[in-house]
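Working notes, structure below.
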Amino acid sequence: MSRYALRAAEQKWQQTWEDRRLFEAKVDRTKPKFFAMEMFPYPSGRIHMGHVRNYTLGDLVARYKRARGFNVLHPMGWDAFGLPAEGAAIKRGIHPATWTYANIAEMRAQLKTMGLSLDWSREIATCSPDYYKHEQAMFLDFLEAGLVYRKESWVNWDPVDHTVLANEQVIDGKGWRSGAPVERRKLNQWFFKITEYADDLLKSLEKLDRWPEKVRLMQQNWIGRSEGARVQFTVEGRNEKLVVYTTRPDTLFGASFLAIAPDHPLADELAWTNPSLQAFAEECKLLGTSEEALEKADKKGFDIGLRARHPFLPDVLLPVYVANFVLMDYGTGAIFGCPAHDQRDLEFARKYGRPVIPVVLPEGADPASFAVGDEAYTGDGTIYHSDFLDGLDVPTAKKTVIDRLEEMGVGERQVQFRLRDWGLSRQRYWGCPIPVLYAEDGTVVPVPRDQLPVTLPEDVDFARPGNPLDLHPTWKHTTLPDGRPGTRETDTMDTFVESSWYFARYCSPHYEDGPCRKDEVDYWLPVDQYIGGVEHAVLHLLYSRFYARAMKKVGYLSMDEPFEGLFTQGMINHQTYQDEQGNWLEPGKVRKNDAGQWVTIDGERPVKAGRVEKMSKSKLNTIDPTDIIQGYGADTARLFMLSDSPPDRDLEWTDGGIDGAWRYLNRLWRLVDETAERLGPAGVSPVDVAGPDLELRRAVHATIEGVTGAIERFHFNKAVALLRELHNTLDSHLKRNDPAPAVLREAVEILVRLFNPMIPHVTEEAWERLGHDVLLAETPWPEPDKSLAGADEVVLPIQVNGRRRGEIRVPKGAERAIVEAAALAEPGTIRAMEGKPLKKIVVVPDKIVNVVV
RNA sequence: GCGGACGUGGUGGAAUUGGUAGACACGCAGGAUUUAGGUUCCUGUGGGGAGACCCGUGAGGGUUCGAGUCCCUCCGUCCGCACCA
C-alpha cells in the first residue's frame with residue numbers, strides 16, 4: 001500500500017463516518033454520557049501543531065469512550081471575536097466578519113482532514129448573533145441578579161490596542177497581546193462580580209480531583225485569600241478615620257508609621273493644595289510595574305504632614321506617608337508599617353529614620369538584646385513590648401488584638417482576597433455589544449429584551465484609532481423605551497465572556513429561546529474531560545467556573561463546576577536555527593552537511609542550531625500541519641503526537657519522529673495485508689491452545705489490559721509502546737512458528753482494535769481487509785480474557801545482598817520453602833555466597849528473592 | 001523574594017504500593033535483499049573489562065534484606081506569582 005493509497009483511504013473513511021452521521025450525539029438515557037471537549041480555536045487563519053496535538057488527544061479520548069459504550073458528545077466551534085480580526089481589517093481593508101468567516105472555512109477544512117470524531121452539526125461561532133444574542137440576554141439576567149455592575153475605576157489601558165485589559169491580561173506590566181507597557185486610566189467600566197464567589201471558587205478547588213494539581217494551585221494563589229483585620233486610626237485635625245488593612249494585627253505595638261497609596265482618596269485630596277505631593281504621586285504612577293522595575297525600585301515615601309493616633313497608645317502619634325509600594329486596589333489602600341517584622345517596612349523605616357520596635361521575640365532569643373538588623377523577623381515567637389498581648393504566641397495575639405479592636409469599635413476581622421472583579425468592557429469593535437443604553441443624564445437603561453440582539457453595524461471605519469463603535473456616525477444614537485433620546489454603550493465585552501459558557505451552548509447549539517435547554521444541559525453537563533493548554537490556567541478556566549455559578553444563580557444550569565476532568569497538554573517545540581547575522585531560518589532552509597554541521601540548504605553558509613523552543617512565527621521554527629497531513633496522512637501525524645512524549649509534557653517535533661510514525665503505519669498495514677489470507681474466519685475465538693500459541697494469547701490479553709489502563713491514565717505514549725511491543729511479539733511468533741489461524745486472527749484484530757482511537761483511518765481500512773462489515777468505529781472495545789491473565793510459571797530474579805545473581809523458574813504461587821530451596825541451589829547464588837553462612841532470606845511471592853549473607 | 005514541578009544512555013522516554021533500571025522508539029554501527037530508496041529484514045548499542053565481574057538514575061549523606069522511587073543537605077533546569085501589607 002503506497003502512501004497515496006493511504007491518503008485515499010483517509011478520505012474514504014472520513015466520508016463514510018460523515019455519511020453515516022456516526023458522531024452526531026443525541027440524548028440517550030439508556031447509556032452513560034461522556035462529554036469530551038477540547039479548547040475551541042481562535043480562527044486565526046490556519047491550524048497549527050498545538051491544535052493537532054490538542055485534538056488528537058481529545059479524539060483518542062472520545063473514540064475510546066465511545067467504544068467503551070458511552071454516549072459521547074464531542075463538539076467543535078470557533079472562539080471568533082477578537083482583536084486580530086480588526087488588525088486584518090485595518091491592514092487589508094477586509095471587514096472583520098469576512099476575514100473571520102473565511103478563516104473558519106479554511107480551518108474547518110483543515111480540521112476535517114484529521115479524521116476527528118466530531119459532531120459537526122453542533123458547530124458554533126461566537127461572533128454569530130445566534131450565539132451572542134444569548135450572551136446579551138444573560139448579561140441582562142446577571143444585571144438583574146446583581147452580578148454585573150458599573151463603576152468608575154482605574155483600569156489597565158493598553159496604549160497600542162487602545163483598550164482596557166483585565167488584571168489577568170497584564171503580564172509583567174505589559175498587555176498580553178500587544179506587549180506594550182500598560183498605563184493607568186480612570187474610566188467607567190462594567191464588572192462581573194466574580195469576587196462574590198471568591199470563597200466558593202477557592203474552596204471548590206479541593207473537589208476538582210481530576211484537575212492537575214498545578215492548575216488548582218495557580219488558581220488558589222490567584223484568588224489569594226488572606227485573613228486579617230481592618231484597623232481605624234484617628235488623624236489629628238481631621239474628622240474621618242484612616243482605615244488600614246493588615247494580616248499582622250499582632251504587631252500593632254511595633255507600628256512606627258502609616259502609609260497610603262499614591263492614588264488613595266486622601267492623597268488625591270491633599271495633592272490639590274500641595275504641588276510637591278502631587279508631583280510625587282505622579283512620579284509613582286509613572287513608575288513601571290514590570291518585574292525589573294520593581295526589583296530595582298527604592299521604597300519611596302512622602303510625609304504628608306498628618307499624624308495618626310495609635311489605637312492602644314494614646315501618646316503615640318504616627319506620621320502618615322504616601323508611599324510608592326502601597327497599592328490602592330488591595331485592602332484599603334493604606335497600611336501601618338511595622339519595620340521589625342516586615343521587610344518592606346524595614347527598608348522604608350531605615351530610609352526615613354523611623355524607629356524599629358521588635359514585638360515578636362523568636363524562640364530562645366534574649367529579650368534584652370534581640371534586635372533586628374537588615375532582615376525583618378517574620379517568623380513565629382512570643383509577643384513582647386505589647387501591653388496586653390505580652391507573652392502570647394502569634395496566632396493567639398492576632399485573635400486577642402482583633403477582639404479588643406472590635407470591643408473598642410475601632411477595627412474588625414476581615415478576610416481579604418487578591419482576586420478582583422472581572423472588568424469586561426473593551427473599547428473595541430469586534431466583540432459582543434454590551435446591551436445597555438444611557439439616558440442623557442447618564443442613567444443606565446437595559447436594552448429591552450425584545451430588542452435583542454444588539455448587533456454590530458457593518459459600515460465601520462477602522463482607519464481612525466480608537467473605538468470604531470464610538471466613532472460611528474449614527475449607531476450609538478437611539479431612543480430609550482420611554483421615547484427619550486439616548487445613546488448605546490459603545491464598549492463591547494471581553495472575548496473571554498464567549499468562552500466562559502460555550503460548553504453549555506454545545507448542549508443545544510440551535511436552541512432559539514435561551515442560551516441552553518435545561519433538559520439538555522442537565523443531561524450533558526458537566527464536561528467530563530476538557531483538554532487544552534495550560535496558558536488558560538487562571539484566565540479562561542477561572543472565568544468559566546464563575547460563569548457556571550452565575551448561570552446557575554439565574555436558573556440556566558444545575559451545577560457549579562463546568563469541567564469535571566481537566567488535562568493540560570504540553571507545547572510543541574522545535575529546534576531553532578540562525579545564520580551568522582542572527583537572522584532566524586526556517587527548518588526547511590537548513591540541512592546537515594557530510595561533516596555533520598548545520599548549513600544553509602543552498603549557499604553552504606554555516607548555520608547556528610539554537611535551543612529547542614516553542615514553535616513560533618517570530619523564530620520561524622514552525623511546521624505547518626497541512627504539509628504533514630498532505631505528505632504522510634493524518635494517522636501519521638496523530639501517531640507521532642501520541643508516541644514518545646507524555647501528553648502533558650512538551651513535545652519536540654523532529655523529522656525522525658514523523659518518519660518513525662509513518663514507517664510504523666506501513667508496518668501495521670503490511671502485517672494485516674500479508675496475514676489476511678491465513679487467518680481463520682472472523683468471529684471465532686481460539687480455544688484450548690497450548691505452547692507458543694498460548695503464550696501469544698496471553699501477550700494479547702495482557703496488552704488489552706495494559707493499553708486500557710494506560711489510556712485511562714492518559715499515559716498514551718505508554719499505550720503506543722505496549723502496542724508496538726505486542727507487534728514485535730507477534731512478529732517473532734510468525735517467524736519462529738506458524739500460529740493457528742484463529743490465534744493469529746485474534747492477535748492481529750486486537751492490535752488493530754486497540755490502535756483504532758489513535759489512528760482511526762488505517763485501522764478502519766485494516767478492519768475491512770480483515771473481512772468485517774461493521775465499522776470499527778462502531779465496534780466495542782475488546783475485553784481481556786481473565787483466564788489468560790497469569791502464566792503457570794514465573795521467573796524470579798535471585799539477589800544476593802541486593803545484587804542480582806541469577807534467576808529461577810518456579811510455579812506461580814509456589815510455596816516459600818520450594819522457592820527458597822530453588823534459590824539457594826541456583827549456581828549463581830552459590831557462587832555469590834562464597835560459602836558464607838546464610839543470615840536471612842527474603843521472599844516476595846512471585847516477585848523476587850533476596851539472599852542475605 | 002514566594003509557590004510549584006523536574007533532574008534516568010548520544011536523544012525522546014519506560015519502570016502500580018520501595019522489588020531484575022533503561023520497556024518502546026529515535027539515532028548510530030555492522031550485515032542481508034534491492035537497478036534504486038523517506039524501502040524492508042537481521043545483529044549490536046549505558047560505561048569499563050578478554051572474562052567472571054565492577055560502576056551506573058544531578059551531587060553528598062541516611063533509612064532498608066533491597067532505593068530512580070522514601071528522608072535530610074546541596075547543585076541545576078523549567079513554570080507560575082510577584083511591593084497583596
Side-chain angles (χ1 to χ4, degrees), chain A residues 3 171-173 212-215 217-222 224-226 228 244-249 251 259 287 289-291 293-295 297 299 323-327 329-338 341-345 347-348 416-420 534-535 537-538 612 631-632 640 643-646 648-652 654-664 666-667 670 709 713 715 717-728 731 735 795-807 828 831-832 839-844 846-853:
Chain A
R3 124 183 157 206
I171 318 284
D172 282 348
E213 192 58 42
K214 177 191 165 81
V215 175
L217 227 122
M218 282 166 72
Q219 291 210 357
Q220 192 181 312
N221 292 337
W222 191 266
R225 185 181 195 272
S226 73
V244 306
Y245 175 73
T246 178
T247 55
R248 292 298 303 273
T251 63
L287 188 81
T289 48
S290 73
E291 192 176 330
L294 292 175
E295 201 85 349
K299 304 283 170 281
N324 62 347
F325 64 94
V326 182
L327 305 172
D329 42 14
Y330 185 79
T332 60
I335 61 161
F336 80 78
C338 175
H341 305 293
D342 182 284
Q343 191 58 35
R344 284 162 318 187
D345 296 349
E347 285 168 34
F348 190 86
Q416 182 68 40
F417 292 94
R418 186 181 169 281
L419 181 72
R420 271 156 260 162
V534 74
E535 66 272 18
V538 275
V612 174
Y632 293 90
F640 173 60
S643 308
D644 299 343
S645 289
D648 52 342
R649 255 188 255 179
D650 286 0
L651 177 149
E652 186 189 348
T654 60
D655 291 342
I658 202 77
D659 281 338
W662 163 245
R663 284 201 298 266
Y664 183 72
N666 285 287
R667 184 178 163 210
R670 224 178 304 123
R713 294 194 304 273
H715 294 177
N717 55 327
K718 185 80 189 303
V720 172
L722 285 169
L723 287 166
R724 294 185 74 136
E725 197 174 2
L726 177 64
H727 194 149
N728 292 345
D731 266 0
K735 215 169 295 159
V795 176
L796 291 189
I798 310 301
Q799 295 181 332
V800 177
N801 290 337
R803 288 169 187 280
R804 187 176 183 282
R805 297 298 181 187
E807 59 185 38
R831 206 174 334 115
K839 274 191 197 149
K840 186 176 174 181
I841 180 162
V842 180
V843 178
V844 183
D846 297 336
K847 276 257 168 155
I848 201 166
V849 179
N850 193 6
V851 176
V852 186
V853 293

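Letters go in sequence order (proteins before strands), and every chain restarts at 1. Just so it is clear, the values below take in all heavy atoms, side chains as well, and ignore hydrogens, waters and symmetry mates.
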query = Given side chains that start at C-beta, do those of A/Phe336 and A/Asp345 come closer than 4.5 Å, heavy atoms only?
reply = no
Closest listed nucleotide, where the reference is the side chain of A/Tyr245 and the choices are B/A85, B/C84, B/A14 = B/A85
request  = Between B/U69 and B/G19, how far apart are the C1' atoms? Round to whole Å, please.
outcome  = 11 Å
ask   = Under 4.0 angstrom, heavy atoms only, what part of the nucleic acid is A/Arg724 near: base, sugar-phosphate, or nothing?
value = sugar-phosphate
remark   = Tightest non-hydrogen contact, residues A/Met218 and A/Val538, listed as O-CG1, 3.7 Å
key: Heavy-atom pair of closest approach, residues A/Gly660 and A/Arg724   = O-NH1, 4.4 Å
ask   = Say you pick atom P in B/C71 and the same atom in B/G4; how far apart are they, in whole Å?
value = 14 Å
key: Between B/C79 (P) and A/Arg649 (CZ): distance, integer Å   = 15 Å
query = Can you tell me how far P of B/C84 sits from CD of A/Gln220, to the nearest Å?
reply = 18 Å
query = Of all the nucleotides listed (B/G3, B/C65, B/C24), which has the minimum atom distance to the side chain of A/Leu217?
reply = B/G3
message = Taking only the C1' atom of each, what is the distance from B/A21 to B/G68 in whole angstrom?
response = 7 Å
message = Quick check on B/A23: is either OP1 or OP2 less than 4.0 Å from any side-chain nitrogen or oxygen of A/Asn728?
response = no
Evaluation steps, salt bridge (Lys or Arg N to Asp or Glu O under 4.0 Å), between A/Arg667 and A/Asp731 = CA-CA 11 Å; A/Arg667 184 178 163 210; A/Asp731 266 0; 3.0 Å; yes
query = With sugar-phosphate meaning primed atoms plus P, OP1 and OP2, does A/Gln799 contact a base, only sugar-phosphate, or nothing at under 4.0 Å between heavy atoms?
reply = base
task = Could you tell me whether A/Val851 contacts a base, only the sugar-phosphate backbone, or nothing, with contacts defined as non-hydrogen atoms closer than 4.0 Å?
result = nothing
request  = Measure the distance from NZ on A/Lys847 to P on B/U17 and round it to the nearest whole Å.
outcome  = 10 Å
query = So, is A/Asn717 near the phosphate of B/C24, with a side-chain N or O under 4.0 Å from OP1 or OP2?
reply = no
task = Rounded to whole angstrom, note down the C1' distance from B/G58 over to B/A5.
result = 16 Å
request  = Please determine if a side-chain N or O atom of A/Tyr330 lies less than 4.0 Å away from the OP1 or OP2 oxygen of B/A85.
outcome  = yes
query = Should the pair A/Arg420-A/Asp329 be classified as a salt bridge under the 4.0 Å nitrogen-to-oxygen rule?
reply = yes
message = Please determine whether any donor N or O and acceptor N or O are separated by less than 3.5 Å between the side chain of A/Lys718 and the base of B/C24.
response = no
task = Identify the heavy atoms of A/Pro797 and A/Arg804 that sit nearest to each other, and give their distance.
result = CB-NE, 4.1 Å
query = In whole angstrom, what separates A/Asn850's CG from B/A67's C1'?
reply = 13 Å
ask   = Does A/Arg803 put a side-chain nitrogen or oxygen below 4.0 Å from OP1 or OP2 of B/U20?
value = no
5'-most by nearest nucleotide on RNA chain B - A/Ser645 or A/Arg248 = A/Ser645
task = Starting at atom CD1 of A/Ile798, determine the distance to atom P of B/U20, rounded to an integer number of angstrom.
result = 13 Å
ask   = Under 4.0 angstrom, heavy atoms only, what part of the nucleic acid is A/Val852 near: base, sugar-phosphate, or nothing?
value = sugar-phosphate
Partner nucleotide, any strand, of B/U64 [Watson-Crick/G-U, under 3.5 Å] = none
remark   = Syn within 90° of 0, anti beyond: B/G49 is anti
query = Within a strict 4.5 Å, meaning less than it, do heavy atoms of the A/Ile335 and A/Thr246 side chains meet?
reply = no
ask   = Are any of A/Arg804's side-chain N or O atoms less than 4.0 Å away from OP1 or OP2 of B/G66?
value = no
query = Nearest-Å distance, CH2 (A/Trp222) to P (B/C79)?
reply = 18 Å
Phosphate OP1/OP2 of B/C26 contacted by A/Arg663 side-chain N/O (<4.0 Å) = yes
task = Check whether any side-chain nitrogen or oxygen of A/Lys214 sits under 4.0 Å from OP1 or OP2 of B/A5, and answer yes or no.
result = no
message = Here's a test of your reading of the structure: between A/Ile335 and A/Val842, which maps to the more 5' nucleotide of RNA chain B?
response = A/Val842
query = Counting only side-chain N and O atoms of A/Arg344, is one of them less than 4.0 Å from OP1 or OP2 of B/A82?
reply = no
task = Could you check how far CG of A/Leu419 sits from C1' of B/C81, rounded to whole Å?
result = 14 Å
remark   = When both distances are under 3.5 Å in a Watson-Crick or G-U wobble arrangement, the nucleotide paired with B/A23 is none
Between P of B/U40 and OH of A/Tyr664, the distance in whole Å = 13 Å
task = Looking only at non-hydrogen atoms, find the nearest pair between A/Ala323 and A/Phe348 and report the distance.
result = CB-CE1, 4.0 Å
request  = Give a yes/no on whether any side-chain N or O of A/Arg805 is located under 4.0 angstrom from OP1 or OP2 of B/C54.
outcome  = yes
query = Using the P atom in both, what is the distance from B/C81 to B/U11, to the nearest Å?
reply = 31 Å
request  = Return the nucleotide paired to B/G80: Watson-Crick means purine N1 to pyrimidine N3 with N6-O4 or O6-N4, wobble means G-U with N1-O2 and O6-N3, both under 3.5 Å.
outcome  = B/C2
